[in-house]
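Shown next, in structure tokens, is the structure this report addresses.
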Number of protein chains: 2
Amino acid sequence: MTTTKAACVGRPRGFDIDLALEQALNVFWRNGYEGTSLSELTEAMGIKKPSLYAAFGNKEQLFFKAIDLYENRPDSLFNIAFQHERVADVIRGLLLGAAAQFTDCSHPQGCALINSTFSCNEASESIKQTVLARKSKHKQRLVDRFELAQNQGELQEGCEPVVLASLMTALFQGLSMQASEGASLDELQKVATMAAEGILTVNVKR
Amino acid sequence: MTTTKAACVGRPRGFDIDLALEQALNVFWRNGYEGTSLSELTEAMGIKKPSLYAAFGNKEQLFFKAIDLYENRPDSLFNIAFQHERVADVIRGLLLGAAAQFTDCSHPQGCALINSTFSCNEASESIKQTVLARKSKHKQRLVDRFELAQNQGELQEGCEPVVLASLMTALFQGLSMQASEGASLDELQKVATMAAEGILTVNVKR
DNA sequence: TGTATTTTGTACCGATTGGTATGAAATTAT
DNA sequence: ATAATTTCATACCAATCGGTACAAAATACA
């Protein structure tokens with residue numbers, strides 16, 4: 001379905017559709033949805049507007065496909081950190097992983113999902129709602145993982161999994177913003193380490 | 001200087017300039033700089049475009065004046081929290097104060113400065129730079145306060161004031177984003193409390 | 001060789017963007 | 001009363017926004 005379906009008939013497409021989508025993702029990643037214009041997109045993708053609309057529908061659908069591409073990456077922050085058995089390692093992995101991934105120079109800085117909520121006035125309400133739904137889906141994964149830890153007796157008595165998940169989310173958002181503003185890997189690693197230390201000593205049994 | 005200077009000659013201005021600026025701040029607060037259009041501004045301020053340009057210069061200068069108004073409020077988060085003597089109370093006051101202020105229903109949710117960096121493509125570079133400078137000024141206030149605490153022996157040995165200030169900033173940014181996305185006061189208070197607990201137990205002597 | 005089909009580039013669409021020219025209206029100073 | 005001065009509302013500006021009509025170009029099928 002999603003694989004490259006050969007058109008076979010008619011003039012062949014003159015560009016790599018997956019590569020073009022990746023370029024589009026990079027632009028949205030840097031500028032957000034509203035902050036990105038069609039001309040910026042077509043220039044980065046190396047195609048003209050009619051080609052963009054024929055291949056991706058419109059700006060909104062292109063954005064959704066780009067975000068899908070972003071979220072379905074195998075080396076996702078969550079997928080890696082969730083492989084750990086002990087919740088302490090999960091928390092450390094998430095925070096240190098965020099610091100590393102948000103400052104990775106091979107793509108724009110920060111988290112694409114978090115950056116995308118920037119610059120969404122009420123005109124593009126569907127964009128805002130969709131991104132919010134994606135984010136709350138990720139937050140739910142955190143809640144589920146921390147509830148599992150609670151059931152397994154890894155958390156201190158007073159620790160509410162929902163609150164812990166919100167705190168982790170807040171830290172991701174802060175780390176993402178600081179990365180987008182130019183913070184270095186070293187800086188964010190220190191911040192993530194201090195945050196993890198505090199969270200673990202108070203909320204996780206040792 | 002900044003008080004209402006009567007023009008005395010010519011047709012008198014038909015609107016309250018301070019009230020209009022406050023309305024402008026509210027719009028920028030909600031939608032960011034790029035996300036706010038002149039028509040939204042004039043509608044909220046109850047004036048027409050030529051009046052806006054005559055009174056405030058242009059959109060950029062209006063934004064700066066609105067941000068000045070925001071930052072010079074007497075009940076600023078920092079001003080209140082910095083009144084505490086012990087750094088532990090300062091940290092608690094900052095985080096709990098942020099939770100309270102960012103969800104205050106008498107004005108838009110979140111922090112106006114943090115929200116304003118949303119939706120700033122490279123076109124409005126001066127806006128981005130100015131807001132960044134303001135933010136780093138606030139961060140410096142945190143660094144200075146934590147260095148004072150370090151000199152007074154309130155901090156644990158390994159705790160770097162700069163890192164602690166960055167962590168606090170990250171938490172502000174996260175709390176602001178969650179408030180803007182609709183989080184309740186109760187939610188953010190719990191998050192702030194958990195964050196403060198972790199920070200204090202690890203980094204502050206008791 | 002046509003013919004059907006799809007992509008391509010150009011040139012355009014109405015709407016909105018930030019910003020202004022202009023003249024009438026409203027006030028103080030003379 | 002008249003002149004000087006300032007603000008007002010209307011109507012406009014070029015540039016850009018997201019999106020499209022159209023015909024030439026490039027391929028597969030007959």
Side-chain angles (χ1 to χ4, degrees), chain A residues 4-21 23-24 27-28 31-66 116 118-128 130, chain B residues 4-21 24 27-28 31-66 116 118-128:
Chain A
T4 316
K5 176 176 51 181
C8 280
V9 63
R11 177 172 173 172
R13 181 177 287 118
F15 62 95
D16 184 331
I17 193 167
D18 296 312
L19 203 83
L21 184 58
Q23 298 305 322
V27 183
F28 284 128
N31 304 121
Y33 179 75
E34 297 261 2
T36 299
S37 69
L38 261 294
S39 17
E40 288 176 286
L41 285 168
T42 54
E43 189 183 3
M45 301 164 82
I47 61 180
K48 300 301 173 66
K49 275 192 283 185
S51 302
L52 189 156
Y53 278 82
F56 301 102
N58 58 13
K59 185 186 175 186
E60 187 175 324
Q61 294 173 37
L62 173 62
F63 174 77
F64 290 146
K65 287 172 181 166
S116 295
F118 301 176
S119 77
C120 273
N121 59 12
E122 52 263 13
S124 52
E125 191 64 27
S126 73
I127 296 285
K128 201 191 296 185
T130 301
Chain B
T4 314
K5 176 176 50 182
C8 280
V9 64
R11 177 172 172 172
R13 182 177 286 119
F15 61 96
D16 184 332
I17 194 166
D18 296 311
L19 203 84
L21 183 58
V27 183
F28 284 129
N31 304 122
Y33 179 75
E34 297 261 1
T36 298
S37 69
L38 260 295
S39 16
E40 289 175 287
L41 285 169
T42 53
E43 190 183 2
M45 301 164 81
I47 61 178
K48 300 302 173 64
K49 276 193 282 186
S51 301
L52 189 155
Y53 278 81
F56 300 103
N58 59 11
K59 185 185 175 186
E60 188 175 325
Q61 294 172 36
L62 173 61
F63 174 77
F64 290 145
K65 288 173 181 166
S116 296
F118 302 178
S119 78
C120 273
N121 58 11
E122 52 264 13
S124 52
E125 191 64 28
S126 73
I127 297 285
K128 201 190 298 185

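Naming: A, B, ... by sequence-line order, numbering from 1 per chain.
- By the neighbour-count criterion of 12 heavy atoms within 6.0 Å, atom CD of B:E60 is densely surrounded, having more than that number from other residues, nucleotides or ligands.
- Summarising the geometry, the separation between CD1 on B:I47 and P on D:dT10 is reported as 14 Å, rounded to the nearest angstrom.
- Distances shorter than 4.0 Å separate some side-chain N or O of A:S51 from OP1 or OP2 on C:dT8.
- In this structure, B:E43 places its CD atom 16 Å from C1' of C:dT17, rounding to the nearest Å.
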Where along nucleotides 18-30 of chain D does protein come under 4.0 Å, by heavy atom, of base (B) or sugar-phosphate alone (S), with - for untouched nucleotides? BBBB---BBBS--

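- In this structure, B:L41 places its CG atom 16 Å from P of C:dT16, rounding to the nearest Å.
- Relative orientation of the B:Y33 and B:F63 rings is perpendicular, given thresholds of 30° and 60° on the angle between their planes.
- One interatomic measurement links the two molecules: CD of B:E40 to P of C:dT17, which rounds to 7 Å at whole-angstrom precision.
- D:dA9 atom C1' lies 6 Å from atom NZ of B:K48, rounded to whole Å.
- The closest side-chain heavy-atom distance from A:N31 to B:E34 is not below 4.5 Å.
- By the side chain to side chain contact (heavy atoms under 4.5 Å, CB included) test, A:A44 pairs with A:V27, sequence neighbours left out.
- Atom CD of A:E43 sits in a sparse spot, with 12 or fewer heavy atoms from other residues, nucleotides or ligands closer than 6.0 Å.
- For the pair A:I17 CD1 and C:dT7 C1', the computed distance is 12 Å after rounding to whole Å.
- Side-chain contact between A:K65 and A:F56: present, with at least one pair of heavy atoms (C-beta onward) separated by less than 4.5 Å.
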